[in-house]
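This report refers to the structure that appears directly beneath it.
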Amino acid sequence: MGGTEVASSSSSSSLWLATNPSKQWGELFFLLYTPFWLTLSLGIVVPYKLYESFTELEYLLLGLVSAVPAFLIPMLAVGKADSSISWKDRYGLLYLVGLFYIGKTNPFEKGDASLWIIIFSYVGNYFWTHYFFTVLGASYTFPSWKMNNVPHTTFLLTHVCFLFYHVTSNLTLRRLQHSVADLPEKVQWITKAAWILALSYFIAYLETIAISNVCAQFPYYEFVDRASMYTVGSLFYAIYFLVSFPMFLRIDEKPGDLWDLPRVAIDALGAAMLVTIILDLWRIFLGPIVPIPDTNQCLQPGLPWFPGHIKDI
């Protein structure tokens, strides 16, 4: 009876989690780690208005404190599934540091999910944040060291955010695949496409609502029109995930089809390029969702195809 229960439990959990025990531990870790950095930012720094005394250094430290433990904890806290394997082969660590090659005999054949997120979130911050400035009417005004007019802190926070979003997507898509496996292929495709659309919009909307509520206390991230940002802006943001969720799931998902780092990097760059094209088509054919004040334009030369930079070309 006990053996049957264990087998049933294992089978049930595998409907959501990856079949590799170390990978299961890694996915659960990133889910459980999320409340830490969320509580730090939204439960301590913002409610107690600690940011009022923050300089560029403190904002950078906030990003580092939020992101760095995600690298260190998998090294120090060994799950049961990882206790019998070398630290360098643990999914919880390798997922983050670019060394995910569980099950590979050649150490140079590395398929790394985190490398995908690093590339995708970097492009998102460096390039797509400017669409938030010029299309959605958002602006950052807190003191920070910046790259292409985007605060370094957001690069770090986006990484842990996107890890959580994409692990969540993996779990739900994996479970959905099991649920529709016996349906006709066309029905499976439509069902999964509908779920990806719904999940993408839900996550984008939820983050927008959370940020807007924070903005009531944190005045240094602003929107021209919050109502438009909730509805249309969330759809614009959801474009990120419409592309990334199904593509990210594919990494090492099929038994025997293990990805190496070049394949991961090319796939992430391809996804990023597709998102860039869609966002720019929106900018060209639909334009900003609100009137954009000049003060919300990019403050330093960055992306030449945005208004205000054409004359510099």
Which atom names give the shortest non-hydrogen contact between [X] and [Y], and what distance separates them?
X: Leu64; Y: Pro69; answer: O-CD, 3.8 Å
X: Ala272; Y: Val123; answer: CB-CG1, 3.8 Å
X: Arg174; Y: Leu249; answer: NH2-CD1, 4.5 Å
X: Tyr48; Y: Gly43; answer: CE1-O, 3.8 Å
X: Tyr140; Y: Lys146; answer: O-NZ, 4.4 Å
X: Val290; Y: Gly137; answer: CG2-CA, 4.2 Å

State which residues pass ring pair (Phe, Tyr, Trp, His ring centres under 6.0 Å) with Tyr201; sequence neighbours excluded, sorted by chain then number. none
Partner residues of Phe54 under the ring pair (Phe, Tyr, Trp, His ring centres under 6.0 Å) criterion, sequence neighbours left out: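 Partners of Phe54 under the ring pair (Phe, Tyr, Trp, His ring centres under 6.0 Å) test: Tyr59.
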Taking the side chain from His152 and the backbone from Glu56, do they hold a donor-acceptor pair closer than 3.5 Å?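 Checked: no pair found.
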Does any N or O in the side chain of Arg175 come within less than 3.5 Å of the main-chain N or O of Leu15, such that one atom is a donor and the other an acceptor?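 Checked: no pair found.
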[X]: side chain to side chain donor-acceptor pair (under 3.5 Å) partners, not counting sequence neighbours:
X: Thr172; value: Trp195
X: Tyr165; value: Glu207
X: Thr55; value: Glu58
X: Ser234; value: Thr208

Side-chain contact, heavy-atom cut-off 4.5 Å: [X] with [Y]?
X: Ile239; Y: Trp128; result: no
X: Leu199; Y: Ser169; result: yes
X: Met229; Y: Val224; result: no
X: Leu62; Y: Tyr51; result: no
X: Asn125; Y: Met147; result: no
X: Leu197; Y: Leu242; result: yes
X: Phe248; Y: Ile117; result: yes
X: Trp145; Y: Leu57; result: yes

If the condition is side-chain contact (heavy atoms from CB on, under 4.5 Å), which residues does [X] pass it with, not counting sequence neighbours?
X: Val187; value: Leu183, Pro184, Thr191
X: Glu185; value: none
X: Leu281; value: Ile277, Phe285
X: Ala271; value: Trp116, Phe120, Val243, Met247

Which value, rounded to the nearest 0.5 Å, describes the distance between [X] atom [atom1] and [Y] atom [atom2]?
X: Leu136; Y: Arg283; atom1: CG; atom2: CZ; result: 13.0 Å
X: Thr168; Y: Phe202; atom1: OG1; atom2: CZ; result: 10.0 Å
X: Ser139; Y: Tyr221; atom1: OG; atom2: OH; result: 8.5 Å
X: Phe164; Y: Ile203; atom1: CZ; atom2: CD1; result: 7.0 Å
X: Ile278; Y: Phe236; atom1: CD1; atom2: CZ; result: 10.5 Å
X: Leu28; Y: Leu32; atom1: CG; atom2: CG; result: 6.0 Å

Hey, mind stepping through Tyr237 and Phe241 against ring pair (Phe, Tyr, Trp, His ring centres under 6.0 Å) and telling me if it holds? CA-CA 8 Å; Tyr237 184 26; Phe241 308 125; 5.1 Å; yes
Applying the 4.5 Å side-chain criterion to the ILVMFWY set and letting contacts propagate, would [X] and [Y] be lumped into a single cluster?
X: Val150; Y: Leu157; result: no
X: Leu50; Y: Phe36; result: yes
X: Leu279; Y: Met273; result: no
X: Phe127; Y: Ile266; result: no
X: Val264; Y: Phe162; result: yes

Measure the acute angle between the ring planes of Tyr122 and Phe155, then classify it against the limits of 30° and 60° as parallel, tilted or perpendicular.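 Because their plane-to-plane angle lies in the 30° to 60° range, the rings of Tyr122 and Phe155 count as tilted.
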Run the side-chain contact (heavy atoms from CB on, under 4.5 Å) check on Phe133 and Asn149 step by step: do they pass? CA-CA 10 Å; Phe133 296 160; Asn149 201 40; 3.7 Å; yes
Scan for side chain to side chain donor-acceptor pair (under 3.5 Å) pairs involving residues 28-40, sequence neighbours excluded, and state none if there are none.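 Side chain to side chain donor-acceptor pair (under 3.5 Å) check on residues 28-40 returns no pairs.
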Remaining members of hydrophobic cluster (4.5 Å side-chain criterion), Ile190: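 Trp189, listed by chain and number.
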